[in-house]
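This report concerns only the one structure given below.
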Amino acid sequence: AAGDKKTALQIAETMMTRNDKALDFYLENKRGGNSRAIQTALYEMQLIVNSLKDNKLPEANKYEAMFAKQMQRANS
C-alpha cells in the first residue's frame with residue numbers, strides 16, 4: 001500500500017546496501033570503465049537519503065553517513 005513505512009525502509013536498506021557494496025567493488029578495484037554505474041549508484045543513494053530526510057525518518061542519518069563515505073571515495 002502507498003505510504004507503507006516498513007516496506008519503504010526495507011527497500012531503502014536493500015538498495016543502500018547493494019549500492020554500497022557495488023561502490024566498494026568499483027572504487028577499490030579502480031574500475032574506471034564503470035563510471036556510469038558509479039554515478040548511478042551514488043545518485044540512487046542520494047535520492048534515498050533525501051527522501052528519508054524529507055519524511056523526517058531517523059534512518060536517514062545512517063544512510064547519509066554511508067552515502068557521504070562513498071561520495072568522498074568517489075571524489076578522491
Side-chain angles (χ1 to χ4, degrees):
D4 185 349
K5 181 179 168 184
K6 181 179 177 185
T7 301
L9 291 174
Q10 288 172 338
I11 292 169
E13 175 71 24
T14 299
M15 292 181 70
M16 291 295 289
T17 301
R18 182 191 71 198
N19 284 324
D20 191 50
K21 288 179 181 178
L23 287 166
D24 282 345
F25 175 77
Y26 293 138
L27 297 172
E28 286 170 10
N29 294 294
K30 305 293 184 208
R31 302 271 184 184
N34 292 303
S35 62
R36 182 169 184 206
I38 291 168
Q39 292 303 316
T40 299
L42 290 169
Y43 177 68
E44 288 177 359
M45 292 177 91
Q46 184 178 32
L47 286 176
I48 292 166
V49 169
N50 288 344
S51 178
L52 294 173
K53 287 172 77 174
D54 288 348
N55 287 286
K56 298 176 177 45
L57 296 174
E59 292 82 0
N61 295 330
K62 169 185 169 183
Y63 297 129
E64 188 169 31
M66 189 184 292
F67 170 66
K69 174 192 77 172
Q70 294 296 5
M71 274 299 290
Q72 183 176 18
R73 292 179 69 210
N75 290 324
S76 62

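Throughout, numbering of the chain's residues begins at 1 and tracks the sequence.
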Quick one: salt bridge (Lys or Arg N to Asp or Glu O under 4.0 Å) pairs with a partner in residues 66-76, sequence neighbours left out? Asp20-Lys69, Asp24-Arg73, Glu28-Arg73

To the nearest 0.5 Å, what is the distance between CG on Asn55 and NZ on Lys5? 9.5 Å

Does the side chain of Gln70 reach to within under 4.5 Å of the side chain of Met16, using non-hydrogen atoms? no

With Ala60 via side chain to side chain contact (heavy atoms under 4.5 Å, CB included) - residues at least two apart: Leu52, Lys53

Could you state the interatomic distance from OH (Tyr26) to CD1 (Ile38), rounded to the nearest 0.5 Å? 7.5 Å

Set of side chain to side chain donor-acceptor pair (under 3.5 Å) partners for Gln10, sequence neighbours left out: none

Per-pair distances, 0.1 Å, donor-acceptor, side chain in residues 42-50, under 3.5 Å, sequence neighbours excluded:
unit_1, atom_1, unit_2, atom_2, d
Glu44, OE1, Arg18, NH2, 3.0
Glu44, OE1, Asn19, ND2, 2.9
Asn50, ND2, Gln46, O, 3.4

With sequence neighbours left out, what residues match Thr40 under side chain to side chain donor-acceptor pair (under 3.5 Å)? none

Gln72 versus Ser76, side-chain donor and acceptor atoms under 3.5 Å: no

Counterpart residues, side chain to side chain donor-acceptor pair (under 3.5 Å), relative to Glu59 (two or more places apart): none

My understanding is that only residues two or more places apart in sequence, or in another chain, count here; which of them pass side chain to side chain contact (heavy atoms under 4.5 Å, CB included) with Ala68? none

Which residues share a side chain to side chain donor-acceptor pair (under 3.5 Å) with Ser51, sequence neighbours left out: none

